[in-house]
Amino acid sequence: VTELVEHSAARIDASGVGSIEEVRRTRERIIGFAPELDEIRLELKRFLYEKLYEHPRVAEANDRSTEAIRDLFAIYRATPGLLPEHVRARIELDGEARGVADYVAGMTDRFALGEWERLK
């Protein structure tokens, strides 16, 4: 983090920008790691994707979670009476899809999977 801050500060100084508007108009990247550290970051990123994010056990858990979210959304839209009163009140203001989506999005993983198992 220190390197990122120091390298970015040096690039800000070198660029001569003095406002956020000038930063937005600048085509070159100002904030970032030094090139030698950026290569290490990319190597770490590739490693993590290969060994962690795309690992079969992680992919399986992601697939299960995706199915649970999709099913909960459909179940609650089909049977809004299952929703808590405060969510039904929000639906009147924001619409059914938005109200259900916000409710499901606010669930913890454990709660969502428990609800899914209970309702499916």
Side-chain angles (χ1 to χ4, degrees):
V1 173
T2 301
E3 193 284 331
L4 174 65
V5 171
E6 290 172 354
H7 182 74
S8 297
R11 301 231 0 180
I12 290 168
D13 289 343
S15 73
V17 296
S19 69
I20 190 66
E21 290 79 22
E22 290 176 4
V23 170
R24 288 183 178 132
R25 286 193 300 263
T26 302
R27 295 274 183 214
E28 76 178 61
R29 192 167 117 194
I30 296 175
I31 305 300
F33 292 104
E36 59 275 6
L37 197 57
D38 205 36
E39 291 173 25
I40 294 168
R41 184 189 62 80
L42 289 173
E43 183 180 333
L44 175 61
K45 190 174 182 176
R46 281 190 294 272
F47 173 83
L48 288 173
Y49 268 93
E50 179 184 329
K51 302 294 184 185
L52 179 64
Y53 306 140
E54 295 173 350
H55 188 278
R57 285 178 46 198
V58 173
E60 182 181 318
N62 284 340
D63 290 346
R64 183 170 184 250
S65 297
T66 299
E67 182 181 359
I69 291 168
R70 183 180 50 243
D71 288 353
L72 285 172
F73 185 78
I75 290 166
Y76 288 135
R77 287 198 74 191
T79 317
L82 295 172
L83 294 163
E85 179 57 40
H86 73 277
V87 176
R88 291 194 305 268
R90 289 301 308 178
I91 286 173
E92 291 180 25
L93 297 171
D94 299 332
E96 182 183 85
R98 171 58 45 207
V100 172
D102 287 349
Y103 179 60
V104 173
M107 293 178 174
T108 64
D109 294 350
R110 185 181 308 254
F111 182 78
L113 291 173
E115 280 292 282
W116 180 54
E117 290 293 335
R118 185 177 72 81
L119 295 172
K120 69 177 184 172

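Everything numeric in this text was worked out from a predicted model, so none of it was measured. Side chains included, hydrogens not; waters and symmetry mates left out as well; all remaining heavy atoms used.
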Could you give me the CA-CA distance, side-chain angles and deciding distance for E60 and R57, then say whether side chain to side chain contact (heavy atoms under 4.5 Å, CB included) is met?
CA-CA 5 Å; E60 182 181 318; R57 285 178 46 198; 5.5 Å; no
Verdict with reasoning, I31 to I12, per side chain to side chain contact (heavy atoms under 4.5 Å, CB included):
CA-CA 8 Å; I31 305 300; I12 290 168; 3.9 Å; yes
Side chain to side chain contact (heavy atoms under 4.5 Å, CB included) for L119 and Y76? Distances and angles first, verdict last.
CA-CA 10 Å; L119 295 172; Y76 288 135; 3.7 Å; yes
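By the neighbour-count criterion of 12 heavy atoms within 6.0 Å, atom CD of E85 is densely surrounded, having more than that number from other residues, nucleotides or ligands. Atom CG of D109 is surrounded by 12 or fewer heavy atoms from other residues, nucleotides or ligands within 6.0 Å. In the displayed structure, R90 atom CZ is contacted under 6.0 Å by at most 12 heavy atoms of other residues, nucleotides or ligands.
The side-chain heavy atoms of L72 and M107, taken from C-beta on, include a pair separated by under 4.5 Å.
Under the 4.5 Å side-chain heavy-atom criterion for Ile, Leu, Val, Met, Phe, Trp and Tyr, L82 and W116 are members of the same hydrophobic cluster. Put simply, F47 and L52 are part of the same group of oily side chains (I, L, V, M, F, W, Y) that touch within less than 4.5 Å, one to the next. Hydrophobic cluster membership is shared by Y53 and L44, with clusters built from Ile, Leu, Val, Met, Phe, Trp and Tyr side chains linked at under 4.5 angstrom. By the rule that hydrophobic residues join a cluster once side-chain heavy atoms approach within less than 4.5 Å of another member, F111 and V100 end up as members of one cluster.
Atom CD of E36 and atom CZ of R41 lie 13.0 Å apart (nearest 0.5 Å). Put simply, CZ on F33 and CD on E3 are 7.0 Å apart, with the number rounded to the nearest 0.5 Å. In this structure, H55 NE2 and N62 CG are separated by 12.5 Å, a value rounded to the nearest 0.5 Å. Atoms CD1 and CZ, on I20 and R25 in that order, are 11.0 Å from each other to the nearest 0.5 Å. Atom CD1 in I91 sits 10.0 Å away from atom NE2 in H86 (nearest 0.5 Å).
Taking all atoms of both residues into account, the shortest heavy-atom contact from A101 to F73 is N-CE1, 3.8 Å. The two residues H7 and P35 have their closest heavy-atom pair at CE1-CD, 4.3 Å. For the residue pair A68 and L113, the shortest heavy atom distance occurs at CB-CD2, 3.8 Å. When all heavy atoms of G32 and S8 are compared, the closest pair comes out as N-OG, 3.2 Å.
With respect to E115 and R118, a salt bridge is recorded, a charged nitrogen being found less than 4.0 Å from a carboxylate O.
Side chain of R88 to backbone of L83: a donor-acceptor contact under 3.5 angstrom is found. Judged purely by atom type and a 3.5 angstrom limit, E50 has no side-chain atom pairing as donor or acceptor with the backbone of R46. Between the side chain of R11 and the backbone N or O of R29 there is at least one donor-acceptor pair closer than 3.5 Å.
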